Novice: 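Mind looking over this structure? Questions follow.
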Amino acid sequence: MSSDNRKITYARAINEALKQKMRSDDTVFVIGQGVKSPWYVGHTCADLIEEFGAERIIDTPVSENAMTGVAVGASIAGMKAVAVHPRMDFMLYGLDPIINQAANWHYMFGGGASVPVVIWAIINRGGEQGSQHSQALQALFAHIPGLKVVMPADAYSAKGLLVAAIEDPNPVVFIDDRWLYNNSGEVPEELYKVPIGQARLVKEGKDMTAVASSFLLGEAEKAVNQLADEGIEVELIDLRTIKPFDKEAISKSVKKTGKLLVIDGGWKSFGVSAEIAAWISSECFNELKAPVFRLALPDCPAPASCDLEKEFYFDSFTIISEIRRIVQQ
Amino acid sequence: MEYAEDTLLNIYEKLVLIRYCEESFVDPILNGEIIGPVHLYSGEEAVAVGVCAALKKSDVVFGTHRSHGHFIAKGGSVRKLVSEVYCRDSGCSKGRGGSQHLIDVSAGMLGATPIVGGTISLALGAALAASLRKDKSVAVAFFGDGASGEGVLWECVNFASVKKLPIIFVCENNLYSTHMSIDEIRANRNVYETAKSFDIFSKQIDGNNVLDVFETAKLAVDLCRNSEGPCFIEAKTYRLRGHVGPDDNIQGTHTDIRPEAELESWKKRDPVKLFEEYLLTAGIGREALDEIKNRAGLEVKAAVESLRETQKPAGKEELLKYVFR
């Protein structure tokens, strides 16, 4: 049977990456809240406990600091832990093992040991969940030397990036947005990697460049496709890796188009969009025909009221009007 | 005699080696040769030595800001330790860590770092790894009484107990968390009693009596190897030097923390002296002890002299090495 165009959901793609890596590597295990439940982490961990047992699929007490540290420590001691945080907000209790320990470990011991841990954080927002059940904190982790940060936008890169994250000898923060979990896409059955640090050219265009990641890549794609009908040709790049981001892919595109919009699902100030904008502004200053523009969340906590949520989050319509404005400059 | 002479002399040698090593840093700290913060272990040697004497090389330990003793007791190289304290490229962390970041993977010293309580969960992870691999090894988390104020300690003790993990929590209770006495920071000064409530083996011992520590550690190691862990040991001890650097933190001096009489009474219970007295009573000749002292002195001296052939890592290329593997 050809698997070339087999379609599965994003959640199933993650599930498949975990299963295949656990089958091929005895040192891989999963630890976090809800992993023994078929639904708690959006079906990503379905059937795992049946196949691998409670020893390698470790559901935990609500002790994020210790449990994240356990994943880091086990990885120092020769295992490859995948530590899942079903809500990224709760993961803040685990910042010490991630930032003080794992991120610094290889450097502060002069390369004497590394930490091949995956910290898997799920952004779980919307539905009037409010400030502490919504946060997208990729910028926080991308700020830290020694951490890699990836954010898949579709089922294909979810599987490939998770495999790459597990195989990476460094700590990788794998962040996904639960709004993607039911999206389907083509995913090869076999084990494969999406290289960390490489962006994907989604669509070629000459009028300007747009860079997006995670859930907003889909919104950007909708926007770009609609604008194509109006004759506006936007080159769209899926960032895939937040850190280290693919400087070559973005600068190559901006040198061609002369304009850039950076789209990010985190806050605007001091965020991912700020970093990319700053870097491109100096790298491509001579080729830029307009300032670099950014679309990101306003600098306020996530609200509960769904009417306020509509103001807070943005979608393809906002992206369309922003691109129109930039192209006309 | 209850113990083989070799066992006793090995223990003595480690105690002396740590003490000599620690005291060798005093002048270089005072004259600025050593720049970074150094937390001396003088006075607490019996805890590291007693625990590590009960471990195999394949067992692992994690330490703290005050871990020179754990490093040496577990079998780490004195030369690499001394080099690291002076931030030389020949150090165990290639001059990137300094006194507070020590590692010797081949000796089972998996890492010491200075965030209070920060390595306890890492040791627990190593215990989980041992349990997944079924390799019967044991992990030890060394930490101070200050760490008993961190929630993560009790998260770890709980999880270790729930999963019956092969970890020994070793609380070195030296009665002071930096400048705060234990009675100012804990409602119950007996840390082991809190651990007991998690339904595990938990015992308070004299941390200045190396054989007490050794015996309790052996018992704890056996329990852990038989899947009857985790265990908690509270070793009461005292630092002869201050929190950081050689200053002894006596009241009336600028750090003004500890009553002089308290320090004097603990000096009488210096763990190296106590064990020397025990050995002499047990019939070991003074010559044997002098020979060990001499050897330890030479080892430390050689380590310090070897600094002449080393340098501090420097330059931009060196700076950016090791961020990622």
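The sequence lines fix the lettering, A, B, ..., with proteins before strands; numbering per chain opens at 1. Just so it is clear, the model here is predicted, and its values are computed rather than measured.
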Novice: Given heavy-atom pairs under 4.5 angstrom as the criterion, report whether the side chain, backbone, both or neither of B/L128 touches chain A.
Specialist: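 Side chain only.
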
Novice: Non-hydrogen atoms of chain A under 4.5 Å away: do they reach the side chain of B/N158, the backbone, both or neither?
Specialist: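 Only the side chain of B/N158 comes within 4.5 Å of chain A.
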
Novice: For B/A123, is it the side chain, the backbone, both or neither that has a heavy atom under 4.5 Å from a heavy atom of chain A?
Specialist: neither

Novice: Using a cut-off of under 4.5 Å on heavy-atom pairs, state which of A/A81, A/S75, A/G78, A/A77 scores highest against chain B.
Specialist: A/A77

Novice: Using heavy-atom distances under 4.5 Å, tell me whether B/K163 contacts chain A through its side chain, its backbone, both, or neither.
Specialist: side chain

Novice: For B/A112, which atoms come within 4.5 Å of any heavy atom of chain A: side chain, backbone, both, or neither?
Specialist: backbone

Novice: Which answer fits B/L165, side chain, backbone, both or neither, if we ask what part of it has an atom under 4.5 Å from a heavy atom of chain A?
Specialist: neither

Novice: As an exercise: rank B/L124, B/I120, B/V152 by heavy-atom pairs under 4.5 Å with chain A and give me the winner.
Specialist: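 Answer, by heavy-atom pair count under 4.5 Å with chain A: B/V152.
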
Novice: Grab the two heavy atoms, one from B/V105 and one from A/G112, that are nearest each other, plus how far apart they are.
Specialist: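 In this case the closest contact between B/V105 and A/G112 is CG2-O, 3.8 Å.
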
Novice: For A/N170 and B/R325, indicate whether the former's side chain and the latter's backbone hold a donor-acceptor pair under 3.5 Å.
Specialist: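 Yes, because the side chain of A/N170 sits within donor-acceptor range (under 3.5 Å) of the backbone of B/R325.
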
Novice: Please work out which of the three classes, parallel, tilted or perpendicular, describes the rings of A/W105 and B/F62, given edges at 30° and 60°.
Specialist: tilted

Novice: Restricting to non-hydrogen atoms, name the atom on A/E55 and the atom on B/L132 that form the minimum distance, rounded to 0.1 Å.
Specialist: O-CD2, 3.0 Å

Novice: Could you check which of A/T27, A/V115, A/I31, A/I58 has the highest count of heavy-atom pairs closer than 4.5 Å to chain B?
Specialist: A/I58

Novice: Under a 4.5 Å heavy-atom cut-off, does chain A meet the side chain of B/L319, its backbone, both or neither?
Specialist: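 Both backbone and side chain of B/L319 come within 4.5 Å of chain A.
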
Novice: Between A/Q101 and B/T113, is any side-chain donor less than 3.5 angstrom from a side-chain acceptor?
Specialist: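 Side chains of A/Q101 and B/T113: pair found under 3.5 Å.
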
Novice: Look at A/Y107, A/Y93, A/F109 and state which one has the largest set of heavy-atom pairs under 4.5 Å with chain B.
Specialist: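 Among the listed options, the one with the most contacts to chain B is A/F109.
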
Novice: Without swapping roles, check the side chain of A/H106 against the backbone of B/Y322 for a donor-acceptor pair under 3.5 Å.
Specialist: yes

Novice: Sort B/V323 into side chain, backbone, both or neither according to what part of it lies under 4.5 angstrom from a heavy atom of chain A.
Specialist: both

Novice: Decide yes or no on side-chain contact (heavy atoms from CB on, under 4.5 Å) for A/M79 and B/R133, but give the supporting numbers first.
Specialist: CA-CA 9 Å; A/M79 306 298 284; B/R133 284 195 292 255; 3.7 Å; yes

